[in-house]
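Below is one structure, written out as structure tokens, with a few remarks after it.
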Amino acid sequence: MEVLDQGVGRVFTDPDADKARAFFRKKSRALVPKVMSVKEAVEKFVHDGEYLCIGGFGANRVPMAVVHEIVRQGRKKMGFAGHTSTHDFQVLAAGKVFNRCDVAYIVGLEARGLSPNARKYMESGEVEVSEWTNYSMAVRFKAGAAGVSFYPARDVMGTDTFKYSGGKIIQCPFTGTKYVALPAIFPDVSAIHVHEADIYGNCRARGITVSDFDVARASKRLIITAERIIPNDEIRRDPSYTVIPYWCVDAVCEVPYGSYPGNMYQEYFSDEDHLREWLKVEENPEEFKKFLDKNIYNCKDHFEYIEKNGGMHKILALREKEWLFKKARD
Amino acid sequence: MADYNVMELMICTAARELEDGASIVVGTGAPNAAAMLAQKTGSPNLVILFEAGGAAPLIPEMPISVGDSRTTWKAIMASGMCEIMETCCRGLVDYTFLGGAQIDMYGNLNSTRIGPDHQKPKVRFPGSGGANDLASFCWRMLVMTPQDPKRFAEKCQFITSPGWLQGGDSRAKSGLPLGAGPYKIITNMAVMDFEPTSKRMRIMSINPGYSEKDVQDNCGFELLKAKKIVENKPPTKKELDILREQIDPYRYVIGR
């Protein structure tokens, strides 16, 4: 197939579908319990140098316990999928976890503003970047989930976003229309936070799914954190709610309030005061170091982090806010 | 002395562009406020979509994130990124609102970087997010932004999201879906559209209190002028009341 144009960005992951198939051929299909601690899951499945993807949407249904644990265990030189990433990116940047990044959305926290520290990291020259978009990254995961090496799309053409991507322009064999061919991503490891999972990794999630359906399937290894563990009988009672099947999953960690300080649909709203604190404290490197020690490095786990920032009282207030209860609005 | 500020003026002007029965993908902040105002004034059947998956919610208060729970509050569907973007790519979405650190005379937008070295930029911005996708797919791209000569730049240092690219038929030749592109640029001073052949930005109407010279002086490139430039209508009391009391009571977006 003739390539009409191509970007200069590096493709950080191998899009070869047959190599992915060879990996998945060996992946266990056994229905066995996979429950473990977040610490254990990160020790076992997240390694230096690998390519990482974090599910959810920045500060909504994000596996924050895993993100903190990756920083706490000092993972380095990873590749990262900067796809819809906001607070997750901010925390990983604080730990200098990655040195290459597929960029769709980074350094910002949407309406809350930009992260001074993440910005500094991305302006330092320490991180190699390729440019993409939220949809083109979603398509790349979709190609991975489909077990093919690329998918065509109609965005990015004509722009510098394309020029600095690793995409290639091709022509449709049926109509002659130009398309950008987007290479599949098969992440080495991903983490996704869901509402409910059974001990084998069958997952239910409510609200928006973002790209998690495809991220889960394209990933070679997958860590699930769940608000709660439910019986396998409940999964089998109505399988129409299952969004991720157990054979995609390597670890299941029960982490109530696991998206904190992010939002969790119909559970709790984001802790805007604490997210503002993150942005503010980053302006002063010394204060920021103390802040990271307090909130990540000197925390045993996610619960200690929540306890240090208001504990159950805070969580209850965020639950009221999520449901727009009158008290929370007064 | 007018009893509204520039943000209120831009939001009210933008809301009037969104006709009843149309569909739109919005972000947080001012675009969201404009879409909510349109729903509460002349366009109750405006379909509001969010790129993370929220579809046609009854938005109870301004979202902080395009993926937070407000974007699916009493919605008709909680879907995902591909669902929303592909609805746009199929041609079902009429409008989107975008912005950036720089905009050029063809409506191209920069939200990626300032400085020549891509791997070590002087200033790093978030990048496309969903902006390039929405600018590529939605029929009419709207921009709402305060006007100054730095932002309205002769040349974007990086074209993150497509406007009319290099003007003329360059966008049609690029491979992007035909017929979609920048539609109107709404600023504190004026509303601009694009001359149909050259695709260059042109002044079509001016806000009360500003002159053509003000608009040109606050723009880094030469603006074309429509044959007849009219004065925009200021916000009505009804629009301002709804905006201040129902949409943004804490004045997060419209400010003090």
Side-chain angles (χ1 to χ4, degrees), chain A residues 56-61 82 84 86 103-112 114 119 122-125 127-129 131-136 138-139 142 153-161 164 169 177-180 206-214 263-266 269-270 272 322 324, chain B residues 27-29 50-54 60-69 71-73 78-83 85-86 89 108 110 112 115 117-133 135-137 156 158-162 165 170-171 173-177 252-253:
Chain A
F57 193 95
N60 308 296
R61 201 170 49 68
T84 71
T86 67
V103 174
Y105 184 94
I106 58 165
V107 310
L109 275 84
E110 299 188 77
R112 306 172 187 101
L114 301 178
R119 210 164 145 177
M122 296 310 292
E123 289 164 1
S124 70
V127 184
E128 184 183 355
V129 295
E131 297 293 322
W132 310 87
T133 70
N134 274 347
Y135 178 59
S136 51
V139 168
K142 191 156 74 162
R154 302 194 77 183
D155 54 357
V156 304
M157 292 180 281
T159 64
D160 292 325
T161 304
Y164 288 91
I169 309 279
T177 309
K178 284 187 200 169
Y179 282 86
V180 59
R206 296 198 304 279
I208 55 168
T209 44
V210 197
S211 301
D212 290 355
F213 196 87
D214 294 319
N263 175 207
M264 188 71 180
Y265 179 71
Q266 292 188 347
F269 201 67
S270 43
E272 291 304 317
E322 172 68 7
L324 295 167
Chain B
T28 54
F50 292 89
E51 65 171 82
E61 60 177 35
M62 301 261 268
I64 294 164
S65 158
V66 296
D68 78 32
S69 295
T71 68
T72 43
W73 185 266
S79 66
M81 173 79 54
C82 285
E83 175 71 29
M85 291 301 191
E86 287 162 8
C89 193
N108 299 304
N110 177 11
T112 300
D117 184 351
H118 190 66
Q119 298 298 341
K120 198 177 175 183
K122 193 161 155 261
V123 183
R124 177 72 218 200
F125 298 119
S128 160
N132 177 297
D133 313 314
S136 300
F137 300 153
C156 284
F158 190 101
I159 297 179
T160 309
S161 303
L165 297 176
S170 59
R171 178 163 170 139
K173 284 181 175 165
S174 70
L176 295 175
Y252 292 129
V253 171

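Order of the sequence lines fixes the chain letters, A, B, ..., with proteins taken first and strands second; residue numbering starts at 1 for each chain. Below, all heavy atoms of this structure are taken into account, side chains as well, without hydrogens, waters or symmetry copies.
Annotation for A:Thr133 and B:Asn132: closest pair CG2-CB, 3.5 Å, computed over non-hydrogen atoms. Across every non-hydrogen atom of B:Arg124 and A:Met122, the tightest pair is CG-CB, 3.9 Å. The two residues B:Phe125 and A:Val107 come nearest to each other via the heavy atoms C-CG2, 3.9 Å. Heavy atoms only, all atoms of each residue included: A:Ile208 and B:Ala78 are closest at N-CB, 3.8 Å.
Chosen from B:Thr72, B:Thr71, B:Asp117, B:Asn110, the residue pairing most often with chain A at heavy-atom distances under 4.5 Å is B:Thr72. When B:Pro121, B:Gly115, B:Pro63, B:Cys89 are compared by the number of non-hydrogen pairs under 4.5 Å with chain A, B:Pro121 comes out ahead. Per-residue heavy-atom pair counts under 4.5 Å with chain B were compared for A:Ser124, A:Gly58, A:Gly108, and the maximum is reached by A:Ser124. Ranked by non-hydrogen atom pairs under 4.5 Å with chain A, the options B:Lys173, B:Glu83, B:Lys120 are led by B:Lys120. Per-residue counts of heavy-atom pairs under 4.5 Å with chain A were compared for B:Ala131, B:Ser65, B:Gly130, B:Pro60; the largest is that of B:Ser65. With chain A as the partner, the residue from B:Trp73, B:Phe158, B:Tyr252 showing the most heavy-atom pairs under 4.5 Å is B:Phe158. Ranked by heavy-atom pairs under 4.5 Å with chain B, the list A:Phe213, A:Tyr179, A:Tyr164 is led by A:Tyr164. Taking chain A as the reference chain and counting heavy-atom pairs below 4.5 Å, the highest number among B:Gly80, B:Ser174, B:Gly129 is found for B:Gly129.
If you measure heavy-atom distances from A:Val156 to chain B, the contacts under 4.5 Å come from both the backbone and the side chain. Looking at A:Asp155, both its backbone and its side chain come within 4.5 Å of chain B, counting heavy atoms on both sides. Proximity to chain B (any heavy atom under 4.5 Å) is restricted, for A:Glu272, to the side chain, taken from C-beta onward. Only the backbone of B:Ser79 comes within contact range of chain A, with heavy atoms under 4.5 Å apart. With a 4.5 Å cut-off on non-hydrogen atoms, B:Val123 touches chain A through its backbone and its side chain both. Contact annotation for A:Val180: neither backbone nor side-chain heavy atoms come within less than 4.5 Å of a heavy atom of chain B. In this structure, the portions of B:Ser69 lying under 4.5 Å from any heavy atom of chain A include both its backbone and its side chain. Within the 4.5 angstrom heavy-atom criterion, only side-chain atoms of A:Leu114, from C-beta onward, approach chain B. No part of B:Ser170 comes within reach of chain A, as not one of its non-hydrogen atoms sits under 4.5 angstrom from that chain. For B:Phe137, the part lying under 4.5 angstrom from a heavy atom of chain A is the side chain only. With a 4.5 angstrom heavy-atom cutoff, B:Phe50 does not touch chain A via any of its atoms.
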- Task: For side chain to side chain donor-acceptor pair (under 3.5 Å), just list the numbers for B:Thr28 and A:Glu110, CA-CA rounded to whole Å, side-chain angles, deciding distance to a tenth of an Å, and then say yes or no.
- Result: CA-CA 7 Å; B:Thr28 54; A:Glu110 299 188 77; 5.2 Å; no
- Task: List the steps, then state whether side-chain contact (heavy atoms from CB on, under 4.5 Å) holds for A:Arg154 with B:Leu176.
- Result: CA-CA 6 Å; A:Arg154 302 194 77 183; B:Leu176 295 175; 6.0 Å; no
- Task: Decide side-chain contact (heavy atoms from CB on, under 4.5 Å) for A:Asn134 and B:Asp133; before the verdict, give the C-alpha distance in whole Å, the side-chain angles of both, and the deciding distance to 0.1 Å.
- Result: CA-CA 8 Å; A:Asn134 274 347; B:Asp133 313 314; 4.2 Å; yes
- Derivation and outcome, side-chain contact (heavy atoms from CB on, under 4.5 Å), residues B:Cys82 and A:Lys142: CA-CA 9 Å; B:Cys82 285; A:Lys142 191 156 74 162; 4.1 Å; yes
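Rounded to the nearest 0.5 Å, atoms CD (B:Gln119) and CD (A:Glu128) are 5.5 Å apart. Atom CZ of A:Arg112 sits about 5.5 Å away from atom CD1 of B:Ile64, to the nearest 0.5 Å. Note that OG of B:Ser136 and CE of A:Met157 are 7.5 Å apart. Values are rounded to the nearest 0.5 Å. Residue A:Ser136 holds its OG atom at 9.0 Å from CE of B:Met85, rounded to the nearest 0.5 Å. For the atom pair OG of A:Ser270 and CG of B:Asp68, the computed distance is 6.5 Å after rounding to the nearest 0.5 Å. A distance of 12.0 Å separates CG of A:Asp160 from OG of B:Ser128, quoted to the nearest 0.5 Å.
There is no side-chain donor-acceptor pair under 3.5 Å between B:Glu51 and A:Tyr135.
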